[in-house]
Amino acid sequence: MRAFLFFPAVALVLAGCSNPEATGRYLIDPPTPPIRVANNLGTAELRDVSLPEYAASGEVAWQTADGAVRSNTKTLWADKPERGFTLALARAISDMSGATVIAEPWPLAEPPRRRIEVRVEQALAGMDGIYRLGGRYYVAQDSAGGANHARSFAIAVPIPQAAPASGRRKPPAPPAAIAAAQNAAIAQLAAQIATLGGPGAVIRTSAPAPEPLFTMEPLPPLEPLEPLPEPAPLPSG
């Protein structure tokens with residue numbers, strides 16, 4: 001009788017673990033920018049965005065009242081965070097400015113004029129109900145005399161329906177609200193990169209002109225040739 005009762009119980013547990021509806025997956029999909037800006041980038045390759053480990057793990061993370069960063073295996077991003085973040089950011093910059101920004105690897109025959117690299121230092125739903133996205137971005141131009149930019153960004157987006165977390169595993173807001181705040185932050189970052197703006201320091205440098213392979217200076221004149229000796233007369237017969 002015990003065995004008869006045991007197997008149905010195991011079956012119920014396994015059924016609960018394999019229930020696909022128990023796992024929520026949330027899209028990295030920033031809204032279409034409502035504004036248009038000038039095309040400052042032309043063609044640009046966006047390198048894979050670098051994210052903190054807690055943001056790249058695949059689980060939606062948040063900060064609890066004790067300051068710890070926590071997550072839940074049942075609350076996931078719908079795509080690999082670094083890939084989804086990179087593709088969404090490239091699309092948002094292109095839609096806003098008309099530039100051709102494509103995530104690496106570059107698929108076109110003609111190489112891009114610029115390269116963009118984004119290093120995210122913070123991407124977290126805070127215990128105070130604010131989603132913060134911070135780090136630095138770099139725009140490099142390889143051609144001679146091209147300007148290179150290195151700027152920081154610090155974006156804060158209120159999380160809808162945010163409230164202090166009451167449990168160790170309970171997020172400060174519904175995961176859908178955290179995803180919406182992150183998507184809004186990505187849209188703001190796209191606007192900063194498209195305009196080469198945003199708060200923080202900026203460093204502008206210029207690539208030195210390459211050394212010419214050939215010089216156009218006139219060559220020195222050649223030394224005059226020695227006169228040929230007079231030929232000796234042939235002997236008479």
Report the C-alpha distance between Phe85 and Leu189 in whole Å, list the side-chain angles of each, state the deciding distance to 0.1 Å, and finish with yes or no for side chain to side chain contact (heavy atoms under 4.5 Å, CB included). CA-CA 11 Å; Phe85 196 114; Leu189 176 59; 4.2 Å; yes

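- Listed for the Ser50 side chain is no donor-acceptor partner under 3.5 Å among the backbone atoms of Val120.
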Intermediate values then yes/no, side chain to side chain contact (heavy atoms under 4.5 Å, CB included), Val49 and Glu82: CA-CA 6 Å; Val49 175; Glu82 290 184 346; 5.8 Å; no

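- With values rounded to the nearest 0.5 angstrom, Ile93 atom CD1 is found 12.0 Å from Ile102 atom CD1.
- In this structure a side-chain-to-backbone donor-acceptor pair under 3.5 Å is missing from Ser97 to Val37.
- Side-chain contact of Gln122 with Arg132: a donor-acceptor pair under 3.5 Å is absent, judged by distance alone.
- The backbone N or O of Pro81 lies less than 3.5 Å from no partner atom in the side chain of Asp79, so there is not a single donor-acceptor pair.
- Between the side chain of Asn148 and the backbone N or O of Gln141, at least one donor-acceptor pair lies under 3.5 Å.
- A pairwise comparison of heavy atoms in Val157 and Ala184 identifies CG1-CB, 4.1 Å as the closest pair.
- For the pair Glu104/Leu46, no side-chain contact is recorded, criterion being any heavy-atom separation below 4.5 Å from C-beta on.
- Linking Ile, Leu, Val, Met, Phe, Trp and Tyr whenever their side-chain heavy atoms come within less than 4.5 Å leaves Val139 and Met96 in two separate clusters.
- Separation of atoms CG (Asn183) and CD1 (Ile178) is listed at 12.0 Å; rounding is to 0.5 Å.
- A salt bridge is defined here as a Lys NZ or Arg NE, NH1 or NH2 lying under 4.0 Å from an Asp or Glu carboxylate O, and Glu117 with Arg119 meets this definition.
- Here the OG1 atom belonging to Thr86 is positioned 9.5 Å from the CD1 atom belonging to Ile186, to the nearest 0.5 angstrom.
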Determine, step by step, whether Val101 and Ile116 satisfy the side chain to side chain contact (heavy atoms under 4.5 Å, CB included) criterion, reporting the C-alpha distance in whole Å, the side-chain angles of both residues, the deciding distance to 0.1 Å, and the verdict. CA-CA 9 Å; Val101 180; Ile116 305 173; 4.2 Å; yes

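- Residues Arg47 and Glu45 are paired through a salt bridge, judged by an N-O separation under 4.0 Å between the basic side chain and the carboxylate.
- Rounding to the nearest 0.5 angstrom, the gap separating the CG atom in Leu133 from the CD atom in Glu121 is 10.5 Å.
- Here the closest non-hydrogen pair linking Ala44 and Trp106 is O-CZ3, 3.4 Å.
- Distance alone, capped at 3.5 Å, is enough to place a donor-acceptor pair between the Tyr54 side chain and the Ala123 backbone.
- Between His149 atom NE2 and Leu41 atom CG the span is 8.5 Å, to the nearest 0.5 Å.
- Under the 4.5 Å side-chain heavy-atom criterion for ILVMFWY residues, no single connected hydrophobic cluster contains both Val60 and Leu124.
- Classification of Asp29 and Arg91 as a salt-bridged pair holds, one side-chain N sitting under 4.0 Å from a carboxylate O.
- Atom-to-atom distance recorded for Gln188:CD and Phe153:CZ is 11.5 Å, nearest 0.5 angstrom.
- Side-chain polar atoms of Arg70 and Thr64 form a donor-acceptor pair below 3.5 angstrom.
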Take Tyr26 and Leu76, measure what side chain to side chain contact (heavy atoms under 4.5 Å, CB included) needs, and give me the verdict at the end. CA-CA 6 Å; Tyr26 299 89; Leu76 308 175; over 6 Å; no

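- For the residue pair Pro111 and Thr43, the shortest heavy atom distance occurs at O-OG1, 4.3 Å.
- Heavy-atom minimum distance, Gly197 versus Tyr137: O-OH, 2.8 Å.
- Among all heavy-atom pairs drawn from Thr73 and Glu59, the shortest one is CG2-OE2, 3.3 Å.
- The shortest non-hydrogen separation linking Trp77 to Arg25 is O-NH1, 4.0 Å.
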